[in-house]
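Note: hydrogens, waters and symmetry copies are ignored here, and every other heavy atom, side chains too, is used. Just so it is clear, the model here is predicted, and its values are computed rather than measured.
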Amino acid sequence: MPDAAWRRKFQRQILAWYAGAARDLPWRANRDPYRIWISEIMLQQTQVATVRGYFQRFVAAFPTVADLAAAEEAEVLRLWEGLGYYRRARQLHAAAQKIVAEHEGRFPRDFDQVLALPGIGRYTAGAICSIAYDAAAPILEANTIRLHARLLAYREDPTKTAGQRLLWSFAEHVLPDSDISSFNQALMELGSEICTPRNPQCEACPVATLCGARRQQAVAEIPAPKKKMKYEDRLEVAIVVRRKKEVLLRQCGPEERWAGLWDFPRFHVASEADLLSGELASQFHARTGLSAAIGSRLTTIKHGVTRYRITLHCHEAEGASGRLRKDETAPLVWASVDKLHDFALSTTGRKIARLLAK
DNA sequence: AATCCGGGGAG
DNA sequence: CTCCCAGGATT
């Protein structure tokens, strides 16, 4: 670990640089812990450019913890539509209700109480408490993992347990006595804007002279590349069942992907042949209670969900008849095509909905 | 320690 | 195409 002199120079350089480089982001307008919390949850595994618009709409709809707690979960999910990792939205909502129930509706000040809220781990608790309250809490996330790994010339995979232990320790060790809020944000800003994954701008870096990777001319090799994800190809089919101006939607159950969101009835099939074999129609009947033939293809959408590369064929159902099956955990409803914007849909569901509206 | 969870930006 | 992103929860 670096000594006190190194630390002081590091802190001074970081803070001086940030004073002139801080971007004007919506969640930096004030230090309201509620807004900072919302931004931190949205920013989990999601880029700043993507979050901007969502953040503005979300805090406009729910300006306070109490507003969020009082909202319907469906409305929260609707505002989250397209952001992904929908568990974040449900946990955000649950946390707001917990704050109302246990903290009189005021966002807690104590680190451990913040950490105890659903959806908040060590990073997010540290970020909120340092940014909003100037608490002496370290942070470690994508930007600072890369930044610190380079500063320390750490050549192992910094996302593994040993690397995490080292980098959390470093993050705590370099924390200044004051201005923690600016300091932590500055570290992330530096990682995001200067110490980038590819082609970092070391010439513009305020701590280049303190950087181990730079000294070893190993900036391009650090951090070590993560092991490549192996993707599994998957074939799925979405069925569009029309009834006059309505279409059949299904709400995803709590145990499945996109829990709480609505989608067109969707099936995993082994091969293209299953579309014709009657196997799909049989599954469709078991799921919905309706009898129908698989009709013409409307479109094909390719997308990825974690380790799956999904090819989604979207087909019309023809001659649907029968009575809808009752399903408590995954309700089926007939939705007016003109009212599909009132439902929180998965991104693929929204693409299909847009197709039907034409 | 591994795995799951989404979607999009950017090269 | 591939890599990556202000991670957390679960197993």
Per A:W258 side chain, nearest of listed nucleotides B:dG7, B:dC5, C:dA6
B:dG7
Would you indicate which nucleotide in C:dA6, C:dC4, C:dG8 comes nearest to any side-chain atom of A:P197?
C:dC4
Tell whether A:T46 reaches the base of B:dG8 with its side chain through a donor-acceptor pair below 3.5 angstrom.
no
Within the sub-3.5 Å range, which N or O atoms of nucleotides 9-11 of chain C have a protein N or O partner, and how far apart are they?
from	atom 1	to	atom 2	distance (Å)
C:dA9	OP1	A:G119	N	2.9

Every protein N/O lying under 3.5 Å from an N/O of nucleotides 9-11 of chain B:
from	atom 1	to	atom 2	distance (Å)
B:dG9	O4'	A:Q47	NE2	3.2

In whole angstrom, give me the gap between the P atoms of C:dA9 and B:dG8.
24 Å
Could you tell me how far C:dA6 sits from B:dC5 if I compare only their P atoms? Round to whole Å.
23 Å
Any side-chain N or O of [X] under 4.0 Å from OP1/OP2 of [N]?
{"X": "A:T347", "N": "B:dG7", "answer": "yes"}
{"X": "A:Y86", "N": "B:dG7", "answer": "yes"}
{"X": "A:T124", "N": "C:dG8", "answer": "yes"}
{"X": "A:R307", "N": "B:dC4", "answer": "yes"}

For A:R88, give me all partners under side chain to side chain contact (heavy atoms under 4.5 Å, CB included), at least two apart in sequence or on another chain.
A:I41, A:Q44, A:T46, A:W80, A:L83, A:Y85
Sorted by number, residues from residues 136-150 of chain A placing a heavy atom under 4.0 Å from DNA chain C are A:E141, A:A142, A:N143, A:R146
So if I take residues 25-32 of chain A and measure heavy-atom distances to DNA chain C, which residues fall below 4.0 Å?
A:L25, A:W27, A:R28
Is the closest side-chain heavy-atom distance between A:D32 and A:F107 below 4.5 Å?
no
Does anything in residues 215-232 of chain A pair up under salt bridge (charged side-chain N to carboxylate O under 4.0 Å, His left out), and if so which pairs, sequence neighbours excluded?
A:E232-A:R307
A:K160 or A:G84: which one's nearest nucleotide on DNA chain B is closer to the 5' end?
A:K160
Reckon A:K226 touches a base, only the sugar-phosphate, or nothing at all at heavy-atom distances under 4.0 Å?
nothing
Given A:Y18, which of A:Q13, A:M188, A:E189 fulfils the side chain to side chain contact (heavy atoms under 4.5 Å, CB included) condition?
A:E189
